Every structure is written in structure tokens, then in C-alpha cells.
Amino acid sequence: MEDADALSHEDVLVCGNDDEAKAVVMELASAVTGKGGIDAGNLRLARQLEPLTAVLISMNKRYKTRSGIAVTGVGE
């Protein structure tokens, strides 16, 4: 599986207080994954999202896979 295909089913959640910076990150997400990032709100919300990374890493190790997050119902 190519890297672009491996990431095509995942979403990038972007938190921040600077709208211009978030726009840059969402463009980068689009370049890497083929899908634009999702504005997940202010920077304070990153505190709730960051521990999810540890959960995904643990699942990936346990099941020897590349799990990720996909958000449905946004931008439809």
C-alpha cells in the first residue's frame, strides 16, 4: 500500500487559535493525505485530542496495523 493510500481513509484534526495557521496546516494535511484537515476548534481542545494518539499507537502495536481516525458527517 502506498503512503497516500494508507492515509486516504483518515482525517487530520486541527486545533489552534490562529485561523491562518490552521489554514496552512489543513492545506498540508491535504497535500499529505489527499483530504483537507478538519478544524477541530481552539487550541485548548488539543488537550483532549492528544491522548488519543497514545491509544492509536497502542492499538497499532497490538494488532500490527495502521489504525486512524475518520470523522463522518462533516463537510457533507
Side-chain angles (χ1 to χ4, degrees):
M1 182 181 297
E2 292 183 26
D3 286 341
D5 291 337
L7 299 174
S8 65
H9 68 283
E10 298 179 12
D11 288 309
V12 176
L13 303 177
V14 181
C15 295
N17 295 332
D18 183 328
D19 289 337
E20 289 180 29
K22 285 196 288 188
V24 169
V25 172
M26 289 190 284
E27 284 181 38
L28 180 59
S30 181
V32 172
T33 67
K35 295 169 57 175
I38 296 176
D39 187 339
N42 289 327
L43 185 59
R44 66 181 173 79
L45 295 174
R47 184 174 185 178
Q48 280 72 41
L49 290 175
E50 288 177 356
L52 184 57
T53 301
V55 173
L56 291 172
I57 290 170
S58 177
M59 289 171 43
N60 289 341
K61 283 182 173 180
R62 172 178 227 138
Y63 296 104
K64 296 178 179 37
T65 189
R66 291 178 68 172
S67 64
I69 296 297
V71 178
T72 60
V74 176
E76 293 178 358

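In this chain, residues are counted from 1 in sequence order. Worth saying up front: this structure is predicted, and the values here are computed from it rather than measured.
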request  = Is it possible for you to say whether V74 and I69 belong to one hydrophobic cluster, with membership spreading through side-chain heavy-atom contacts below 4.5 Å?
outcome  = yes

ask   = Which heavy atom of A40 sits nearest a heavy atom of L13, and at what distance?
value = CB-CB, 4.1 Å

Side chains of residues 16-23: which donor-acceptor pairs under 3.5 Å do they make with residues two or more places apart or in other chains?
unit_1	atom_1	unit_2	atom_2	d
N17	OD1	L43	N	3.1
D18	OD1	E20	N	2.9
D18	OD1	A21	N	3.0
K22	NZ	G16	O	3.2
K22	NZ	D39	OD1	2.9
K22	NZ	D39	OD2	3.2
K22	NZ	G41	O	3.4

ask   = Under the 4.5 Å side-chain heavy-atom rule for ILVMFWY, direct or indirect, which residues accompany V24?
value = none

task = Find out if a path of hydrophobic residues (ILVMFWY) with successive side-chain heavy-atom gaps under 4.5 Å connects V71 to V55.
result = yes

message = Looking at every non-hydrogen atom in both residues, tell me the closest pair between L49 and C15 and how far apart they are.
response = CD1-SG, 3.4 Å

Shared-cluster residues of M26, by chain and number - hydrophobic side chains joined below 4.5 Å = V12, V14, V25

key: Closest contact, heavy atoms only, E10 versus R66   = OE2-O, 3.9 Å

key: From CA spacing to verdict: side chain to side chain contact (heavy atoms under 4.5 Å, CB included), T65, M59   = CA-CA 8 Å; T65 189; M59 289 171 43; 6.0 Å; no

Shortest non-hydrogen separation from G37 to A29 and the atoms involved = N-CB, 3.8 Å

